[in-house]
Amino acid sequence: NPRWALSSPQVMEGTPDRYFASFPYEGWMRQASLGYTRQVVGCGCDCYDGSTVVAENLPVYTAPIPHISESIVEPARYEVADAHRRWAFEGDEIKVFFPVSKTDLLLTEYGNQAALDRIIAGIRQIGDLDSLRLNGVEITGFASPEGREGFNVTLGKGRVESLRNYIRSRVPELSDDDFELINGEENWSGLRRLVAASDMPFRQEVLDIIDGETGDARKESLRRLEGGRPYAYMLRHFYPELRNASYIAVYFDVLRDFGADAINAANTAIRSGDYAYALSLLEHDREDSRTWNSRGVCCMMLEREDEAIEWFEKALTTDQASEARRNLEQLK
């Protein structure tokens, strides 16, 4: 540490055995030691008469005690942290079935009521949580690929609209803008999936027709294949599952108050004594009044006292006024 000494115009005054002097505190004065050297003067020579240490390593600086409090999450400050996540239902996919060639939604048939209750419960659960926001309800409508293509397109459209109207009747706060209706037209992809997973007769020949042809020609080829036996098998085993409004999916956004997260992380760093790192965490928004007291604490502990006082005085107008006042009292 630097050594302090009297400057040339500075004089220590007092009795022969008691002396006083004062000088301003500087940052390096964490500890102090006091000693003196005796010289005999007036005898015509510089006579050294020894030195004495009066005290060693006396504490001069006492670190202030940081006063901080956790930041409360404020929904008004939420931002999207994870967008368009799919709500996980048991079994993952929700399907609602319709009668053949109909758009009538039968709640007492096909397990439709239970499926729709799960959809409604998921939508309401998202609405009940401040940290989640409904991103949309996606309904994809299909018809089984056994009728005329034009009719099937109209059928798929009517089914998704029927489902949307029912869900809105159960959750009236939703608007049409909360829904994405997808007319999947004829469900050839669903038919292919069922055929590929089966051990039906002439399985590969059926897959070749599905993959290689389109439109009404594809339907006609399936009907003629092996005298219609594979087609009859599919009508009995696969097509009933394809006569549905297909899949309903619910999407949501995850929301977070990034400011509160940063402040609480900074407060954790303050408690561990990492003040520079804590201050870096608070740089996301200097205008967020919730950061002002914690900023002041970091500056105070880093001995940037003028800055600390400025932040504490600003924080006196916030919900952390009590902590800021206690911190400020340690500096004044």
Side-chain angles (χ1 to χ4, degrees), residues 66-89 92 94 118-140 164 167-168 170-182 247-302 304 307-308 310-324 327:
H67 295 284
I68 52 178
S69 61
E70 295 304 295
S71 181
I72 305 301
V73 170
E74 298 180 14
R77 297 178 183 265
Y78 275 142
E79 301 175 57
V80 176
D82 190 359
H84 203 64
R85 289 183 58 181
R86 183 169 177 166
W87 188 262
F89 294 99
D92 194 39
I94 302 290
R118 290 166 63 199
I119 288 289
I120 302 304
I123 293 172
R124 287 178 175 160
Q125 190 170 348
I126 292 170
D128 289 342
L129 297 174
D130 288 335
S131 59
L132 302 182
R133 180 175 64 197
L134 184 70
N135 187 273
V137 180
E138 181 183 278
I139 306 174
T140 304
R164 176 198 60 196
I167 294 171
R168 283 203 61 192
R170 294 277 305 274
V171 192
E173 57 267 31
L174 298 181
S175 70
D176 285 351
D177 291 338
D178 292 313
F179 292 83
E180 182 178 4
L181 306 184
I182 301 173
Y247 310 109
I248 305 174
V250 177
Y251 293 91
F252 64 99
D253 297 333
V254 178
L255 309 177
R256 281 175 54 189
D257 181 350
F258 287 103
D261 291 347
I263 294 165
N264 292 331
N267 287 347
T268 298
I270 287 171
R271 294 187 188 96
S272 65
D274 196 346
Y275 307 114
Y277 175 62
L279 194 57
S280 72
L281 293 175
L282 298 171
E283 290 301 320
H284 71 285
D285 186 358
R286 296 174 69 87
E287 298 306 314
D288 187 340
S289 62
R290 299 174 298 173
T291 70
W292 294 347
N293 180 65
S294 295
R295 287 178 185 276
V297 164
C298 293
C299 292
M300 175 177 71
M301 303 309 291
L302 293 169
R304 292 155 50 179
E307 290 179 70
E310 290 181 14
W311 287 117
F312 291 145
E313 289 179 342
K314 291 182 67 173
L316 291 175
T317 64
T318 72
D319 292 340
Q320 297 187 1
S322 175
E323 292 86 351
N327 290 320

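Since the structure is predicted, the reported quantities are computational estimates derived from the model, not experimental observations. Computed from heavy atoms alone, side chains included, the values below leave out hydrogens, waters and symmetry copies.
By the 30° and 60° cut-offs, the orientation of the rings of F252 relative to W87 is perpendicular.
Sequence neighbours left out, the pairs with a member in residues 248-259 that pass salt bridge (charged side-chain N to carboxylate O under 4.0 Å, His left out) are R133-D253, R256-D261, D257-R290.
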Could you pull out all donor-acceptor pairs under 3.5 Å where a side-chain atom in residues 73-80 meets a protein atom, sequence neighbours excluded?
unit_1	atom_1	unit_2	atom_2	d
E74	OE1	R77	NE	2.8

Can I get a per-line list of side-chain donor-acceptor pairs under 3.5 Å for residues 120-129, giving both atom names and the distance, sequence neighbours left out?
unit_1	atom_1	unit_2	atom_2	d
R124	NH2	R170	O	2.8

>> Pair S289, T317 - check side chain to side chain contact (heavy atoms under 4.5 Å, CB included), show working.
In response: CA-CA 9 Å; S289 62; T317 64; over 6 Å; no
>> Working note: E138 + Y251, criterion side chain to side chain contact (heavy atoms under 4.5 Å, CB included); need CA distance, chi angles, decisive distance, verdict.
In response: CA-CA 8 Å; E138 181 183 278; Y251 293 91; 3.9 Å; yes
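Rounding to the nearest 0.5 Å gives a distance of 7.0 Å between CZ of F89 and CZ of R118. Separating the CD1 atom in I139 from the CD1 atom in I182 is a distance of 10.0 Å, to the nearest 0.5 Å. In this structure, the separation between CG on L316 and CZ on F312 is 9.5 Å, given to the nearest 0.5 Å. Note that the CZ atom of R168 and the CD atom of E173 stand 10.0 Å from one another [nearest 0.5 Å]. Interatomic distance, CH2 of W311 versus CG of N293, reported as 11.5 Å (0.5 Å rounding). A distance of 5.0 Å separates CZ in F179 from CG in L174, rounded to the nearest 0.5 Å.
Applying the side-chain hydrogen bond (donor to acceptor under 3.5 Å, both in side chains) test to S71 and every residue at least two apart in sequence or in another chain returns nothing. For E307, the side-chain hydrogen bond (donor to acceptor under 3.5 Å, both in side chains) partners are R304, not counting sequence neighbours. D274 pairs by the salt bridge (Lys or Arg N to Asp or Glu O under 4.0 Å) definition with nothing, not counting sequence neighbours.
Considering every non-hydrogen atom in both A269 and S272, the closest pair reads O-OG, 2.9 Å. Annotation for R85 and D82: closest pair CD-OD2, 2.8 Å, computed over non-hydrogen atoms. Listed here is the closest heavy atom pair of V250 and L134: CG1-CD1, 3.7 Å. Closest approach of A308 to G296, counting heavy atoms only: CB-O, 3.4 Å. Across all non-hydrogen atoms, the minimal contact from A315 to A324 is CB-CB, 3.6 Å.
Atom CG of D319 has 12 or fewer heavy atoms from other residues, nucleotides or ligands within 6.0 Å.
Looking at I248, L181, D178 one by one, the single match for side-chain contact (heavy atoms from CB on, under 4.5 Å) with R164 turns out to be L181. Applying side-chain contact (heavy atoms from CB on, under 4.5 Å) to C298 and the options L281, I270, T291 leaves one that passes, I270.
Of the possible polar contacts, one joining the R295 side chain to the L282 backbone as a donor-acceptor pair under 3.5 Å is found. At least one donor-acceptor pair closer than 3.5 Å links the side chain of N327 to the backbone N or O of H67.
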